[in-house]
Each structure stands twice: as structure tokens, then as C-alpha cells.
Trainee: 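Below is one structure. I have some questions about it.
Chain letters run A, B, ... following the sequence lines, proteins first, then strands; residues in each count from 1. The analysis underlying the following values was restricted to heavy atoms, covering all of them including side chains, and did not include hydrogens, waters or symmetry mates.
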Amino acid sequence: MAQKPSIPKGTRDFNAVEVAKRSYIMNIIKEQFELYGFQPIETPSFENSDTLMGKYGDEGDRLIFKILNSGDYFEKFKGVVSDLSQTVSGDLSSFYNLETSFVTKHISEKALRYDLTVPFARYVVQHQNEIEFPFKRYQIQPVWRADRPQKGRFREFYQCDADVVGSKSLFQEVEFVQLYDAVFTALDLKGVTIKINNRKILSGIAEVIGAQDKLIDFTVALDKLDKIGEEKVKEEMRSKGISEDGISKLQPLFSLQGEFGMQVESLKSILNTSEVGIKGIEELEFIDASISKLGLKTAKLQLDVTLARGLNYYTGAIFEVAAPEGVKMGSIGGGGRYDDLTSIFGKPDTSGVGISFGLDRIYLVLEELNLFPETIADATKVLFINFGDKEAMACLQAVTKLRQHGVKAELYPDSAKMKKQMTHANRRNIPYVVLVGEEELNSGTYTLKNMKSGEQSKLKFEELLSSLQ
RNA sequence: GUGGUUGUAGCUCAGUUGGUUAGAGCGCUGGUUUGUGGUACCAGAUGUCGUGGGUUCGAGUCCCAUCUUCCACCCCA
């Protein structure tokens, strides 16, 4: 027992105050989700590896927590190897030539949930006959990533997702922008930026510069523009084999600035030969026009052509939410349109679109900006001081009655020194204490003390109740 | 996964070129006050210097490993 206990890297314990603050955020998100017509579902913490692997790209696969098979997985694995190579069972030398992925596949068949979107796609396919489409669901559950922790980056964290499947309507995208705005407004987090882009535009650009086959490399490089600058981006594109001619066609992109409309115009000039690119522009224009008509409360919608989220399943709109200016935090939300996600699980032609809120990062942002309401922890309202068994019994009767009337009341369990009991009330921020000693016991009264003002008065039970309600 | 950074009392941090018994503030405990907390005064205790090895007569200080924290990549909420 000499060793200090600890928790794994990138995980956290939450105390009562933290839990209260977290559920404050969660409840607001939930409320808005339901207001927009989404219904909750839950999926298991872990899935079959096949369900998750290969859905997030190579980098994603690396970050998936694999669960080691239970039982004697090693003995079974040796069996697989010896069947395969006909080598003598127990000859370890053959192990060294094996691919990691091969080994992993045989010793691990389950993995922890990496996000909520892929399990949701699995859910939709598996329950397609019970689901009424378009299907709007929300899901608030933890996900796990074997990432290296940093500020706002954990190995276990919560995502809050809302998705619609079974509708290609762009009104869904419009509503999701409104939903983002509604949640952040309800949280009193003003000035968030909802960045929007469209995968079709990125495909169109790649097409125009003759790099269709390098779409991912191209977008990953472009995504870094505001971070590493124009020259470094070009350098990276060159190193990925994008032609000099193509890069020069991108030139207008690097100086893209200003209002939505102006950006769209310059995009049109680049993309006029690309059918898919034009389609992307039309989609963007529709969303922007609709939002302009409907209005946003506190967030702003901004076109960002360099926005290229790594997930390879987005096909249309791409969203990412940035914290208000001055807060150093990665994105606090993201999402987009995916036309093809469920086809991986055998259900083609089902378009989906969804967004996600990063609970833990929103928490950090609210904390930094001091935006949590003060009354968030709804704790005990009155503590009865314990003077001894006889008095305590009388107190407990009063406590019981108060509780029946919905007053959060408790009795200090031990007849400790008064100072200790008062200090206890103080530290727990309990606003009232009640003193019942011999005198009160005889007169059937209660001395109620306001811990903030120091005032106190002797009351009958009915008076006590009404002043605590 | 790559490179760097951090760890000393409950908390925030000092601690010299390696040298006797490791310090401060806040907090904590007790008392001034046996029916009154938060304010005041007095007194007291803080500790495996992250962990494990090594160098040295001697290590909080130097070296190695490991864990943790934060940062930059990568990627992402």
C-alpha cells in the first residue's frame, strides 16, 4: 500500500463542483437538441474492431484504443501462426516477421469508441427497419483516444452529437448552424465563430489543379495555411507531388479574404470549369443566404476555404466551431455532411449530416471566461447543529418534515464542538444553520441563523419552514 | 508515434558553484471564546524533494531510466 494511487494519463476525476458544472453544460445542450427535435440514443463503450478500424484514416487507427482479448489470447494466436506457416508451435522467431496489423487483428477484436458518428452509422444500418426516416438523434457519451494529452486534449472525453440521416435537404445544414448558435447563446458564450466549408469545393480545386488523386494531401496542406503560411503550404504541396502549374492556379486562394459574398466570387473564378466545385459553391450560397434571412443570435458564420477536417467521410458541408477570440483552445465543435457513411455497413444512398460539441473544451472555455452561473451547485440549504442525542432526535424530526417540503436539510451527525459544526457549515457554503438546545427544546422553537448576515431569530416550525422555502 | 518541458508542505512557489537540521505565503490544527462560523490575536504541525537506479565522503541540486504535467509536431473535440 506504500504506492500512491493514480489514474491513467489523460483521464480525470471530477469533484462535486465540476460535476455540477459539467451537467450544467450537458443539460443546456440536451435541452436545445430536444427543442430541435432530436431524440437520444446510446451505444456501447466498445465496438467490434471491424466497425471502427479504417474509418478514420491511418492516423485515426493509431489513436483507437484496442482491447486485448480475454482468455488465453496468446495461446490462440500461436495456433494461428503455426497454421499459417506450418512452423513448429512455440517457435518465436516467426513472430518477428509479422505485421503489427496482423498481430493486432488476432489478439484484439474489440476497441473503445473513438467518436459517436461511426457507431451511429452502425446503429442506423442495424436498426434500419425500426427507424423512421429522416431520423434525428442525439448522443452524449464519452469517447476515447490514445492521443498524447495537452491542454483541452484528453484520452477520455465527452462528445455531444446531433445528426440527421435520410434527408439530403440543405435545410438540415441551415438548422445545424442555428443549433450551434442556440447552444452557445444559451451558455452565454458570445462571439464563437462557426466556420464553414464544403468538401465539394475542395474536390473542385483539386480537380482544377489536376490533383484529384491527392485530395487528402492537398487539403491537409491547405488546412495549415493560417498556421504555417503560404510558402510552407506550397512547399508541402510540392513535396506531396502536386505540380507547379497546379500550385500557381491556387494563387487567388491564398489571398482569399473578406465577406462571404466576395470570397464566393473569387472561388467561382477558380472553379468555373469544375462541375463539382460549382455545386459546392451553390450549397454554400444557399446556407449563407438562409442564415442571413433567419439571423443568428450571438455566433457568426464564416466561410473558411482552408477548413479541411481530417475525417475522410465528409462529402458536403464541413463545420468547425472556434472559441471566441482571445481564448487559446482548439475547436470546440465540428461536423459536416456525409453521403456515404452507412454504405460501409451495407446501406447505400443514405445521406447524413451532423454536428458535435466538445463538452470538455467548452468547460475549459467557460471556466476561463468565468461564465458559469454562481448558483450552479444547488447544495444543502440548512444544517442543524447537533447538541446531543436528545436534541438531535428533535432536529431529525424537523429535518424530515423540511425534506418533505422540498427543503434540502441535514443534521450534523456528531455532537461535536459548536465551532467545528459552524465551520463545517461555513466551508460547505450552507446558507443557514438551526440551533436546537435545551432552551429551544423546552419551548418548541428553532433558532435560525443566517450565515451570511449573522442574523438569528427564534421561530416556530411553521415560521422556520416558510423562511426556508 | 517524434522532439522538448515540468514535478519540493493540502495549494502557489523559493532553495546559490553539490555541503550541517529543506524555507515563505496561503490553507490546516489548537487556543483567546464549554450556545455561535466567516474578521482579529497567540501557539503548533507541515515533507518518502514524483518514483527507481547511479556518480560522490556527501545529492532537492549532477547522470540514466520511468511515470506525470504542459508545449510544439502529427492529428483532433
Trainee: Please confirm whether the shortest side-chain N or O distance from K151(A) to OP1 or OP2 of rC70(B) is below 4.0 Å.
Mentor: no
Trainee: Is the ring centre of Y158(A) less than 6.0 Å from the ring centre of F357(A)?
Mentor: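 That pair fails the under 6.0 Å test.
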Trainee: Using the ring of each side chain (for Trp, its six-membered ring), is Y338(A) parallel, tilted or perpendicular to Y314(A), with breaks at 30° and 60°?
Mentor: tilted
Trainee: Below the 4.0 Å mark, does rG35(B) have OP1 or OP2 next to a side-chain nitrogen or oxygen of K420(A)?
Mentor: no
Trainee: Checking base pairs now: Watson-Crick or wobble, both atom distances under 3.5 Å. What partners rC74(B)?
Mentor: none
Trainee: May I ask you to verify whether the side chain of E438(A) and the base of rG35(B) hold a donor-acceptor pair under 3.5 Å?
Mentor: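 Under the 3.5 Å cut-off, the side chain and the base do not form any donor-acceptor pair.
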Trainee: Nearest to the side chain of K9(A), heavy atoms from C-beta on, is which of rU68(B), rG37(B), rC76(B)?
Mentor: rU68(B)
Trainee: So does R427(A) reach the base of rC28(B) with its side chain, donor to acceptor, closer than 3.5 Å?
Mentor: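 Under the 3.5 Å cut-off, the side chain and the base do not form any donor-acceptor pair.
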Trainee: Of the nucleotides rC76(B), rC75(B), rG35(B), which one has an atom closest to the side chain of M418(A)?
Mentor: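 The closest nucleotide is rG35(B).
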Trainee: Got a donor-acceptor pair under 3.5 Å from the side chain of R148(A) to the base of rU69(B)?
Mentor: no
Trainee: Compare the minimum distances between each of rG37(B), rG35(B), rU36(B) and the side chain of E439(A), then state the nucleotide with the smallest one.
Mentor: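 In terms of side-chain proximity for E439(A), the closest of rG37(B), rG35(B), rU36(B) is rG35(B).
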Trainee: Quick check for you: among rA77(B), rC28(B), rU32(B), whose closest atom lies nearest to any side-chain atom of K419(A)?
Mentor: rU32(B)
Trainee: Confirm from the modelled atom types if Q150(A) and rU69(B) form a donor-acceptor pair under 3.5 Å, side chain to base only.
Mentor: no
